[in-house]
Amino acid sequence: MGLLDASFSKHNVVVTSVDNVLNWARLSSLWPMGFGLACCAIEMMATNASNYDLERFGIFPRSSPRQSDLMIVAGTVTMKMAERVVRLYEQMPEPRYVLSMGSCSNCGGPYWEHGYHVLKGVDRVIPVDVYVPGCPPRPESLIGGLMKIQELIRMEQIGLSRADALKKLADKSVDPQQAIERERRAVRA
Amino acid sequence: MSDMEKGRVLPQSVQQSAAAYEVVREAFGPAVSDFDANEFMPFFEVLETEKWQDIALFMRDHPKLKFNYMACLSGVDYPAEEKLGIVCNLESLGVLGHRIAVKVKCARNGGSIPTASYVWHTANWHEREAFDMFGMQFTGHPDPRRILCPEDWEGFPLRKDYAVQESYHGIKVPY
């Protein structure tokens with residue numbers, strides 16, 4: 001669990017690993033780039049606003065790619081925009097994360113067949129860490145995706161590649177259905 | 001008014017459009033087609049494409065017409081006729097209140113239509129869009145570039161026989 005759950009000693013000393021501290025710091029202040037491409041952006045803004053309040057996760061949109069470590073691709077990526085998205089991605093300092101929000105940026109969405117102008121999935125131009133399905137996804141889904149990014153950061157270690165971290169995350173995945181059933185049983189009991 | 005059924009009373013808006021059409025017919029004779037008196041968007045066609053600019057100017061300035069507002073200009077593809085065309089929705093906004101649509105056609109390959117962008121400034125970007133999507137030229141247009149697609153896009157996407165290009169700047173385009 002998080003660093004704050006570790007107990008403090010009498011001398012206000014806490015013992016942990018460097019990895020833990022770095023990961024905790026980074027996952028607690030994910031700064032996404034403040035840009036949206038289509039209707040998903042409206043849902044992303046709603047998630048940022050007071051009802052869902054992303055700031056409680058330390059997530060706060062930045063106006064420059066150079067200050068951001070997360071890119072939320074919120075909306076339809078057109079062929080014209082694809083090259084701009086790549087440029088923005090390249091301007092972000094590493095380590096950087098990409099969350100693909102909604103069907104359009106996942107796979108082309110409703111434009112998959114006849115949308116000559118739409119990139120059929122932003123993963124054709126930049127590597128994506130987390131895909132959030134939906135058209136558009138509700139704020140709850142987006143928050144779910146952002147928490148997945150946080151889990152991914154938690155998996156990271158010095159000297160561990162992103163691919164390994166993603167694999168570690170996949171190995172540790174929990175079947176949500178079981179958790180839901182468990183909760184339901186607890187309520188009934 | 002060949003399409004009009006005998007004994008059918010046309011709605012007042014269509015009667016107004018028909019009256020406006022008669023003024024154009026009187027001035028340009030065989031350069032314009034018969035009037036189509038449908039209730040949704042009464043229209044006529046410009047048969048002599050090169051006269052379109054004169055007709056447009058006439059329709060804007062004639063005291064009985066005063067079509068001061070171009071509401072829309074759309075491109076159309078007619079593959080069966082080997083033609084491309086535009087449909088202009090014109091209104092006399094706040095003056096006479098009537099409206100009419102005008103169709104202009106040109107050859108499908110290498111065809112051109114005189115620009116109306118000096119008559120109604122609205123036509124400037126609308127004609128660029130029609131060119132972008134269908135590929136007809138607008139002669140005399142002040143800025144004949146694509147407006148939505150990238151400059152180096154291949155083909156005209158709204159043509160009926162359009163096939164998307166395989167890749168764009170090294171990115172695969174089809175699904």
Side-chain angles (χ1 to χ4, degrees), chain A residues 33 35-41 65 71-92 96 98-129 131-136, chain B residues 72-80 82-87 106 108-111 124-138 141-175:
Chain A
M33 231 178 75
F35 86 117
L37 300 178
C39 26
C40 277
M71 178 188 254
I72 302 177
V73 186
T76 317
V77 187
T78 58
M79 300 306 293
K80 227 176 175 177
M81 191 65 196
E83 289 170 312
R84 276 77 169 174
V85 168
V86 173
R87 176 175 289 190
L88 288 169
Y89 175 75
E90 284 168 351
Q91 284 174 343
M92 286 164 63
R96 55 199 167 191
V98 177
L99 184 146
S100 164
M101 179 182 181
S103 300
C104 288
S105 65
N106 289 346
C107 63
Y111 311 101
W112 73 277
E113 193 175 9
H114 298 296
Y116 58 91
H117 62 300
V118 175
L119 182 69
K120 311 298 187 290
V122 76
D123 52 3
R124 286 192 182 178
V125 289
I126 55 173
V128 174
D129 295 300
Y131 299 86
V132 177
C135 189
Chain B
C72 190
L73 186 154
S74 328
V76 192
D77 185 13
Y78 306 96
E82 281 291 310
K83 277 189 172 162
L84 294 172
I86 53 168
V87 180
C106 70
R108 197 151 187 274
N109 291 317
N124 187 321
W125 282 17
H126 280 71
E127 285 177 354
R128 278 177 67 186
E129 190 200 13
F131 161 69
D132 195 358
M133 294 293 140
F134 296 93
M136 73 285 263
Q137 298 289 327
F138 288 92
H141 193 283
D143 186 18
R145 289 180 297 141
R146 281 182 182 271
I147 193 169
L148 296 168
C149 289
E151 289 280 297
D152 52 354
W153 193 256
E154 292 166 23
F156 301 102
L158 289 190
R159 286 197 184 196
K160 299 286 182 197
D161 55 358
Y162 174 74
V164 80
Q165 62 198 56
E166 265 311 301
S167 79
Y168 174 73
H169 290 189
I171 306 165
K172 190 179 165 221
V173 181
Y175 183 72

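Chain naming here is simple, since letters A, B, ... match the order of the sequence lines and numbering starts at 1 in each.
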Note, A/Pro110 side chain near A/Cys104 side chain (heavy atom, < 4.5 Å) | yes
Are any side-chain N or O atoms of A/Asp129 and backbone N or O atoms of A/Leu99, one a donor and one an acceptor, separated by less than 3.5 Å?
-> no
Please find the pair of heavy atoms, one from [X] and one from [Y], that lie closest to each other, and give the distance.
| X | Y | answer |
| --- | --- | --- |
| A/Ala41 | A/Gly36 | CB-CA, 3.4 Å |
| B/Cys149 | B/Met133 | SG-CE, 4.2 Å |
| B/Cys106 | B/Met136 | SG-CB, 3.8 Å |

When you scan chain A against chain B, which donor-acceptor pairs turn up at less than 3.5 Å?
{"from": "A/Lys80", "atom 1": "NZ", "to": "B/Leu148", "atom 2": "O", "distance (Å)": "2.8"}
{"from": "A/Glu83", "atom 1": "OE2", "to": "B/His169", "atom 2": "ND1", "distance (Å)": "2.4"}
{"from": "A/Lys120", "atom 1": "NZ", "to": "B/Val173", "atom 2": "O", "distance (Å)": "3.3"}
{"from": "A/Arg124", "atom 1": "NH1", "to": "B/Lys172", "atom 2": "O", "distance (Å)": "3.0"}
{"from": "A/Arg124", "atom 1": "NH1", "to": "B/Pro174", "atom 2": "O", "distance (Å)": "3.0"}
{"from": "A/Arg124", "atom 1": "NH2", "to": "B/Pro174", "atom 2": "O", "distance (Å)": "3.4"}

What is the distance from atom CE of A/Met71 to atom CD of A/Gln91, rounded to the nearest 0.5 Å?
-> 9.0 Å
